[in-house]
Amino acid sequence: MEYKPITIYCPRCGRKTGTHDGRATMLKTMKCNKCNVRVIYDPHTKETKVKRFEQGFSSSGKVFL
């Protein structure tokens, strides 16, 4: 079976944020460098959602998704 990569675009600005390999079933989370938002792609529903980056709770800058 051939898998085709899916290109993921930011819903706000239309810029390419990443690709999905077509096989993984987990949510794919990327950052749009133009809008500075998180772009979340759900492979089950094939929907793209936008969320803001939350303020970090520690000085390390780690984001807990």
Side-chain angles (χ1 to χ4, degrees):
M1 180 176 200
E2 282 288 322
Y3 295 104
K4 295 183 181 179
I6 299 165
T7 305
I8 302 167
Y9 297 97
C10 176
R12 279 192 185 171
C13 65
R15 180 179 265 192
K16 178 181 173 182
T17 56
T19 57
H20 180 260
D21 61 1
R23 293 183 287 177
T25 58
M26 294 174 51
L27 296 177
K28 176 93 173 176
T29 305
M30 297 144 294
K31 176 186 175 189
C32 179
N33 292 325
K34 186 175 181 182
C35 302
N36 197 25
V37 294
R38 280 190 311 187
V39 178
I40 301 169
Y41 176 72
D42 187 359
H44 295 293
T45 60
K46 297 187 170 82
E47 286 184 352
T48 306
K49 298 177 186 176
V50 175
K51 286 191 176 179
R52 295 182 319 126
F53 277 102
E54 298 298 326
Q55 185 67 21
F57 297 111
S58 66
S59 62
S60 69
K62 184 171 176 74
V63 176
F64 296 97
L65 301 175

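Remember, it's a predicted structure, so these values are computed and weren't measured experimentally.
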Would you compute the distance between atom [atom1] of [X] and atom [atom2] of [Y] and round it to the nearest 0.5 angstrom?
X: Asp42; Y: Leu27; atom1: CG; atom2: CG; result: 5.0 Å
X: Thr17; Y: Lys28; atom1: OG1; atom2: NZ; result: 9.0 Å
X: Arg52; Y: Asn36; atom1: CZ; atom2: CG; result: 11.0 Å

Name every donor-acceptor pair, under 3.5 Å, that has one atom in a side chain of residues 2-12 and the other anywhere in the protein, sequence neighbours excluded.
none

If you look only at pairs with a residue in residues 15-44, which of them pass as a ring-ring contact (aromatic ring centres under 6.0 Å, His included), with sequence neighbours excluded?
->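 The answer is His20-Tyr41.
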Can you sort out the partners of Arg15 under side-chain contact (heavy atoms from CB on, under 4.5 Å), two or more places apart, ordered by chain and number?
-> Cys13, Asn33, Lys34
